[in-house]
Amino acid sequence: MSHQNLLTKDAIARILEGEKVINPRVQVLGYKKVMGDGSDKGQVRYRFLLSDGKSSHQFCVMMGQLIERIEMGEFERFSVIQLNEYILNSLQDRKVMIILEPQLIKRGSDIGQRIGNPSAPTTPNSAGANTSFNASVPRLSAPPMASTSVPRAGRSAPVPTPSYLSDVNQVVCGIADLNPYRNRWAVKGRVSAKTPIKQWSNAKGEGKLFSFDITDDTGEIRITAFKTECEKFFDVVEVGKVFTISKAVIKPANKKFSPLNNDYELTLGNDSIVIPGDDDDSDCPKMSFNFVKIKDIAATNADSFVDVLAVCKSVGELVTFTQKNTGRELKKRDISLVDDTEMEIKLTLWGEEAERQIANEGSAVVVKKAKVSDFNGKSLTTTQNSFVQIDPTMSEAFGLRGWYERSRDTLRPKPLSVTTSSYENAQWRNLSEINLAAVRNERGALTFSTVATVIQVGKLSIYLACPTAGCKKKVTDMNNGYYKCDKCNKNFEDYEPRLILGLAISDFGGELWITLFHEDAEKILGIKAKELIQMRDANATEYEEIIGALNFRRFTFRLRSAEDRYKEEVRVRTTALAINEIPTGDYQKKLLELVNSLSL
DNA sequence: CCCCCCCC
């Protein structure tokens, strides 16, 4: 009885040649416990000699949770196992199979012999290495070479370079080939983005970090440096330059937070090495762009990323505001971009890039990975993954600047981003025409005028706002006589009550819920917010009457309907920009009487 | 160990 049919034909040879053999069955001819000695110092693993009956391979590793099963004897000598998942790892010219999901097919004691006549394992780079598996075997990891500290060339006296910037003997592999089972590796890539230093503080502690992304010809990966490493490497890493990274920790990337095309991320640790490389290195492609014309962004989905090359047409003010959820203060600056499709789009820059006002009117602007947003039409924003370049030295940029210089005086670009003040040419619409499709047809925000009747009064919210002129931010009652504004970061003894009123309005064909902010709410109610509050507290009936008196009054509304995303749901949100009452004589009164008689 | 990518 040969048992040969238990084994997958030529499995070992095919796997070693790079073929992805599905669930191969192989025989265990022996194994040996080994300890890691590099960055994985002390980590236990087992090295197996596996055979397909014809060839065998001695660099087959199991580790982690499999150790217990091995030590229980599950994969004893002569067992036939099926490799439900494995990784082939090429380190230098040694091929290491990492067995992730072995499944016992037949117990070794049931077979009791070697199947077939496998040739001796090949040991390609091991001069003097043993062919006998039971003798002492070479370490799985390449022996550490002498660490060299090479000072960088300098004009003045040589400055010793810290070892973490010079010492590397790892074999460089492609970024796409990185996985957590490699034990000695280095990657070399060009920095495509770099974040500012971020301080954090939460329940688990506090610290600072920065991260950067590197790209080579196989892929891209994010690298994060915390605390000490943040200080150590922040000034070393520069966008556009090439670095070799080794001895960093590989961990799964949370795809929720990274649009990078990689399942893993790297974290720099105490012994991580970051070495500046040759910036002309051909393994690391210069930053490449896939430019999308502004015109084509109109048809690009929100939340996708695009590369743009455009000219800055105008620069907005620096705006500081407080993020509602976190109370964090944010700084932004919008600039407007145009290109030769004669379309214009808003680009929002954040933080340091906003403060520094990096672009001026007429600057060529290149953004790698700008994020598309669809609030109020289409707009662009930078994110942590973006890389912005002003007046880059690329011929396309010179060409576009030339186009802008020639056409700036006659240029009337069509805006893709709707600004809040551009409703002068509002159209007249019937309410039956107002829906998501119509709003989208107007690139996200439809401004229109309509004549309609109030048919229902919704929620009237009165909130306490900051008394600072123009702030409008909700204040927190500190219950000590003071009210705190997070935006102004001040306590005030006073506050300004502000109103938000929801109304359902109807014309002959449709109806729509709209929101009136403070000024228009005061106007339509015919009462100032402060008096309204007094009335509410003193005389509830009168208060109800004031609100109820809105029913069946007619107005000319100037409205803006915009696409709005609320808890994953996309809907139309309409706000009043202006209202003007149309007198209806006693018509409204009669309707109110009718409704009151019906409800009795 | 961050994990928010913002606001209207």
Side-chain angles (χ1 to χ4, degrees), chain A residues 193-213 222-232 234 248-260 264-270 272 302-305 316-335 346-355 367 369-388 417-423 444-445 447 470-474 486-487 500 515 517 560-566 573-575 577:
Chain A
K194 175 188 171 184
T195 73
I197 290 181
K198 180 197 165 181
Q199 307 271 349
W200 91 86
S201 169
N202 60 29
K204 285 181 237 163
E206 55 181 46
K208 57 181 171 180
L209 68 106
F210 86 103
S211 65
F212 59 103
D213 303 335
R222 169 154 307 165
I223 302 165
T224 306
F226 292 93
K227 298 177 183 173
T228 317
E229 289 71 52
C230 174
E231 285 176 20
K232 195 153 113 180
F234 184 77
V249 176
I250 308 175
K251 60 172 200 175
N254 188 337
K255 303 301 273 184
K256 196 173 143 198
F257 302 117
S258 170
L260 262 62
Y264 302 108
E265 298 184 336
L266 299 178
T267 300
L268 297 181
N270 191 31
S272 293
D303 298 333
S304 51
F305 290 85
E317 295 295 306
L318 178 69
V319 176
T320 303
F321 64 93
T322 308
Q323 190 171 231
K324 274 192 200 114
N325 301 336
T326 62
R328 223 153 48 89
E329 183 156 282
L330 299 172
K331 288 190 167 73
K332 67 156 190 175
R333 187 193 297 273
D334 291 344
I335 67 174
K346 185 183 85 179
L347 168 71
T348 305
L349 301 167
W350 296 90
E352 197 263 339
E353 282 177 343
E355 276 185 280
V367 189
K369 291 187 183 171
K371 190 177 167 187
V372 177
S373 150
D374 61 0
F375 181 85
N376 274 356
K378 288 278 161 61
S379 58
L380 298 174
T381 179
T382 57
T383 74
Q384 186 176 122
N385 316 298
S386 306
F387 171 62
V388 182
S417 314
V418 181
T419 53
T420 46
S421 58
S422 70
Y423 57 88
T447 306
C471 175
K472 300 178 190 179
K473 170 81 184 170
K474 190 173 170 177
D486 290 328
K487 190 170 165 186
I500 298 175
T515 304
F517 288 106
R560 189 171 68 239
S561 293
E563 192 171 328
D564 185 37
R565 219 172 312 166
Y566 179 75
R573 184 194 52 184
T574 305
T575 54
L577 303 171

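- At dC3(B), one or more side-chain N or O atoms of K198(A) fall inside 4.0 Å of OP1 or OP2 (strictly under the cut-off).
- Note: CG (L347(A)) to P (dC6(B)) measures 13 Å, nearest angstrom.
- Between I223(A) atom CD1 and dC2(B) atom P the separation is 19 Å, expressed in whole Å.
- The distance between atom CD of Q199(A) and atom C1' of dC4(B), rounded to the nearest whole Å, is 15 Å.
- In the model, S211(A) has no side-chain atom that pairs as donor or acceptor with a side-chain atom of E265(A) under 3.5 Å.
- Across all strands, E329(A) comes closer than 4.0 Å to no nucleic acid atom at all (heavy-atom distances).
- Residues passing the salt bridge (Lys or Arg N to Asp or Glu O under 4.0 Å) test with K255(A) are D263(A), sequence neighbours excluded.
- For L330(A), the side-chain atoms get nearest to dC6(B) when compared with the rest of dC2(B), dC6(B), dC7(B).
- Listed candidates were dC4(B), dC6(B), dC2(B). Nearest to the side chain of F321(A) is dC6(B).
- Checked by distance alone, K332(A) brings a side-chain donor or acceptor within 3.5 Å of a matching partner on the base of dC7(B).
- Look at N385(A) and you won't find any side-chain N or O under 4.0 angstrom from OP1 or OP2 of dC5(B).
- Counting any heavy atom pair closer than 4.0 Å across all strands shown, K255(A) reaches no nucleic acid atom.
- Residue K204(A) is classed as a sugar-phosphate contact, given heavy-atom separations below 4.0 Å to backbone atoms only.
- Phosphate proximity of dC6(B) to K371(A): present, with a side-chain N or O under 4.0 Å from OP1 or OP2.
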Test log, rule salt bridge (Lys or Arg N to Asp or Glu O under 4.0 Å), inputs E231(A) and K208(A)
CA-CA 9 Å; E231(A) 285 176 20; K208(A) 57 181 171 180; 3.2 Å; yes
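- Residues passing the side chain to side chain donor-acceptor pair (under 3.5 Å) test with T383(A), sequence neighbours excluded: N385(A).
- At the phosphate of dC8(B), neither OP1 nor OP2 sits under 4.0 Å from any side-chain N or O atom of K346(A).
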